[in-house]
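One structure is given here, and the rest of the page talks about it.
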Number of protein chains: 2
Amino acid sequence: MIDVAQRANVSTATVSRVLNNSSRVSAKTKQKVLQAIDELNYIPNASAKSLRSQKTRTIAVVVSDIHSSYFAEIVKGIENMANSRKYRIVICDTQNEREKEVEMMSLAMDRTVDAMVFVAPIISNDEIKAFVDRGYTVGIIGRHIEHPSIPCAYTDNVKISQEVIAHLLDKGHSRIAFLSGYADSTDSYERLEGYMKALTFAQLPYDQELVENGQFNENGGYEAFRRLWFKSLDITAIFAANDEMALGVYRACRELGITIPEQLTVIGVDNNRVAKYITPKLSTVEQPKYAMGALLVEKLIDQMNDNDFIDQRVFKVDSKLIIRESSSISIDRTGSVST
Amino acid sequence: MIDVAQRANVSTATVSRVLNNSSRVSAKTKQKVLQAIDELNYIPNASAKSLRSQKTRTIAVVVSDIHSSYFAEIVKGIENMANSRKYRIVICDTQNEREKEVEMMSLAMDRTVDAMVFVAPIISNDEIKAFVDRGYTVGIIGRHIEHPSIPCAYTDNVKISQEVIAHLLDKGHSRIAFLSGYADSTDSYERLEGYMKALTFAQLPYDQELVENGQFNENGGYEAFRRLWFKSLDITAIFAANDEMALGVYRACRELGITIPEQLTVIGVDNNRVAKYITPKLSTVEQPKYAMGALLVEKLIDQMNDNDFIDQRVFKVDSKLIIRESSSISIDRTGSVST
DNA sequence: AAACATATTGAAATCGATTTCACAAAATGC
DNA sequence: GCATTTTGTGAAATCGATTTCAATATGTTT
């Protein structure tokens with residue numbers, strides 16, 4: 001920068017002013033400075049910049065598995081919105097490890113980033129609140145946290161369950177199993193709530209045997225389903241907490257010779273890429289992932305740049321049931337089958 | 001840091017020495033300093049640190065689509081190795097836009113990162129070389145660049161093609177189409193070379209009509225296949241440049257009523273997640289993605305920390321053909337079919 | 001006990017930008 | 001034409017760490 005200043009015969013202060021359009025600089029000197037910058041191929045040093053300004057214009061996005069289309073879509077929404085606001089994002093993959101999620105907080109603590117977005121985090125609401133109360137800026141996707149300065153974007157899990165179960169009841173099912181994720185995740189809890197509500201609404205009993213927990217991935221679904229199935233509970237339909245788990249159910253069924261949807265109806269959540277390729281095509285629930293990412297990060301950036309801004313903080317977005325082959329068959333009470 | 005120094009009754013220099021174990025500090029003062037750090041909950045500022053040290057211990061990983069399992073696995077390899085060397089990585093998704101790939105270079109230019117890893121980049125070798133010659137540190141995955149200071153990890157594309165084609169010839173195919181990616185990508189070029197070599201080896205003619213280019217994704221495969229198919233070339237097998245494209249072929253076939261593998265054999269490359277779920281299961285080629293990522297970044301870090309280090313710079317890793325249902329059928333010259 | 005080596009520490013310079021403050025030059029008002 | 005405001009610019013302080021250099025304290029050798 002000093003070189004630029006010398007070449008343009010001005011002070012570094014002026015160079016800085018030109019770079020940031022901060023205060024008026026005469027057209028003539030501005031021209032000189034720009035030319036010098038160009039000739040020297042000068043690029044301002046990011047560390048120096050953020051050291052002085054105490055801002056990095058960078059947001060960390062913490063996801064548990066970039067591989068999953070759920071996260072990938074959200075990240076795209078975040079990225080595009082962030083870029084349009086001249087923010088950079090860094091994507092942090094925790095590979096489903098709780099410990100790594102905590103580690104990532106150091107990015108905010110050492111001021112590598114200005115803010116963090118946690119997507120469907122593993123850590124508890126209380127931990128996040130404590131973190132925010134220590135002065136860090138955080139946004140959450142996929143969960144709702146009651147806190148005045150934490151923006152959240154999430155889908156109504158209760159409603160998702162209710163719609164799915166209503167659809168299954170409509171198809172004549174009454175023994176509907178629920179493959180849930182980690183028992184203590186908010187998602188799981190809310191979906192279970194919706195599941196129970198829907199049953200109650202249909203005046204069906206809630207049988208705890210029909211609920212099984214597992215990991216939020218293919219193998220989790222596979223194992224949880226096998227535990228369920230070997231209990232011989234006359235299940236005719238499975239509601240899996242996400243499509244990955246539903247794929248695990250598919251695999252188990254293939255091994256066990258159970259045909260979908262004739263012998264078993266399966267529904268997932270996410271509408272991931274595989275869902276529409278696999279045979280039979282998987283019924284699922286679509287969430288506006290891209291929009292959640294974009295909305296949330298826009299809100300977060302607004303919040304960082306204007307502390308008074310106390311607009312809407314919580315985004316509860318709508319989901320949509322997508323009915324495909326895996327839930328295309330109706331059954332009646334006698335056990336006979338019709339398409 | 002000044003607070004810490006005051007609380008411990010030492011200078012900031014000493015605090016810094018304690019933090020970095022740089023030079024001898026007496027056990028007693030060290031203890032005092034550590035205690036003060038702990039009590040004040042002090043965390044060094046990353047910007048200041050890297051401004052002074054001219055190092056960020058951060059590596060940018062540029063991929064064209066984090067969603068793809070090809071990239072995701074590589075990134076995991078990179079991340080784990082980088083972390084074990086106390087480096088951070090930032091993942092940059094270019095969403096297949098060439099322009100964004102170029103933009104990402106600014107991360108190195110403004111010293112936000114110490115080095116960049118390009119995974120299967122779109123930009124040309126010459127552009128990358130020019131960048132490196134301007135003093136930036138770069139590693140490449142998925143392509144080979146002849147340059148003394150660019151480490152590369154890649155698979156032998158020629159060999160991949162040869163093995164795939166050999167397998168198909170073995171199954172009795174002689175009209176084998178090749179769905180290539182961008183015509184000017186190195187991958188495409190090398191695979192085409194392997195394709196031609198294999199044909200020559202089998203004393204079959206090379207028919208340019210059988211080669212079609214498309215985008216490296218599902219839709220690219222779909223469209224390229226349709227262009228091919230409507231030329232009515234008596235194709236019995238398709239070799240797609242990656243699994244995504246193969247999935248596009250699947251979709252087109254479903255629409256056109258072509259059965260796989262009875263009427264058409266399909267093989268992809270990548271062994272992505274969908275490949276083993278879809279019906280029929282897709283034959284493909286597995287590359288050691290995780291290992292490529294880890295190897296490359298280890299090399300890159302070594303190179304940054306020791307300029308004399310002129311060990312192996314190029315990693316040509318082995319791939320493996322995975323035969324599944326989509327290529328399970330043999331044909332003979334009379335056109336009859338057997339499993 | 002003097003001379004010298006070694007261990008420990010602090011003051012101050014430095015990294016490369018931004019920003020405050022002051023001041024000169026130009027523009028405006030009367 | 002003089003006072004006043006506005007504009008444009010530079011010198012120097014600052015952000016928060018690291019590192020050099022010098023100074024002091026301690027230990028060792030004769």
Side-chain angles (χ1 to χ4, degrees), chain A residues 1-37 40-58 86 88 106-114 135-136 305, chain B residues 1-37 40-58 86 88 106-114 135-136 305:
Chain A
M1 183 170 196
I2 294 177
D3 297 341
V4 172
Q6 282 178 344
R7 187 175 192 109
N9 257 311
V10 296
S11 69
T12 60
T14 301
V15 175
S16 172
R17 282 189 268 255
V18 169
L19 281 167
N20 301 293
N21 280 23
S22 49
S23 81
R24 254 173 306 280
V25 176
S26 77
K28 202 167 31 169
T29 37
K30 185 168 180 178
Q31 185 49 44
K32 276 193 304 184
V33 171
L34 288 176
Q35 186 178 339
I37 286 174
L40 293 174
N41 241 303
Y42 163 75
I43 292 165
N45 179 299
S47 306
K49 214 168 165 138
S50 38
L51 171 58
R52 182 58 229 234
S53 65
Q54 305 288 37
K55 303 229 160 85
T56 60
R57 292 197 82 83
T58 303
K86 301 245 181 297
R88 282 173 172 170
S106 72
L107 287 168
M109 297 196 285
D110 71 10
R111 303 293 167 191
T112 295
V113 303
D114 294 343
Y136 303 105
N305 295 325
Chain B
M1 185 171 196
I2 295 178
D3 297 343
V4 172
Q6 282 179 343
R7 187 175 194 110
N9 257 312
V10 296
S11 69
T12 60
T14 302
V15 176
S16 171
R17 283 188 268 255
V18 170
L19 281 167
N20 302 295
N21 280 26
S22 49
S23 82
R24 255 172 309 278
V25 176
S26 77
K28 200 166 33 165
T29 38
K30 185 169 181 177
Q31 186 50 46
K32 276 194 303 181
V33 171
L34 288 176
Q35 187 178 337
I37 286 174
L40 294 175
N41 240 305
Y42 164 76
I43 293 164
N45 179 299
S47 306
K49 216 169 163 138
S50 39
L51 171 59
R52 183 60 229 232
S53 64
Q54 306 288 37
K55 302 228 161 85
T56 60
R57 293 195 81 84
T58 303
K86 300 245 182 296
R88 282 174 174 169
S106 71
L107 287 169
M109 297 196 285
D110 72 10
R111 303 291 167 194
T112 295
V113 302
D114 294 344
Y136 303 105
N305 296 325

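Just so you know, these numbers use all the heavy atoms, side chains as well, and skip hydrogens, waters and symmetry mates. A note on names: the letters A, B, ... follow the listed sequences, proteins ahead of strands, and every chain is numbered from 1.
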Students often get this wrong, so: under 4.0 angstrom with heavy atoms, is [X] touching a base, only sugar-phosphate, or nothing?
X	value
B:Asp3	nothing
B:Val25	sugar-phosphate
B:Ser50	nothing
B:Ser53	nothing
B:Val10	sugar-phosphate

How many whole angstroms separate atom [atom1] of [X] from atom [atom2] of [N]?
X	N	atom1	atom2	answer
A:Asp110	D:dC15	CG	C1'	15 Å
A:Arg52	C:dT20	CZ	C1'	9 Å
B:Arg17	D:dT18	CZ	C1'	10 Å
B:Ile43	D:dA17	CD1	P	11 Å
B:Asn20	D:dA17	CG	P	11 Å
B:Asn45	D:dT14	CG	P	17 Å

Can a side chain N or O of [X] be found less than 4.0 Å away from OP1 or OP2 on [N]?
X	N	result
B:Thr14	C:dG10	yes
B:Ser47	D:dA17	no
A:Gln54	D:dG16	yes

- Item | Donor-acceptor pair under 3.5 Å, A:Arg24 side chain vs D:dT7 base | no

- Item | Salt-bridge present (B:Asp114, B:Arg88; N to O < 4.0 Å) | no

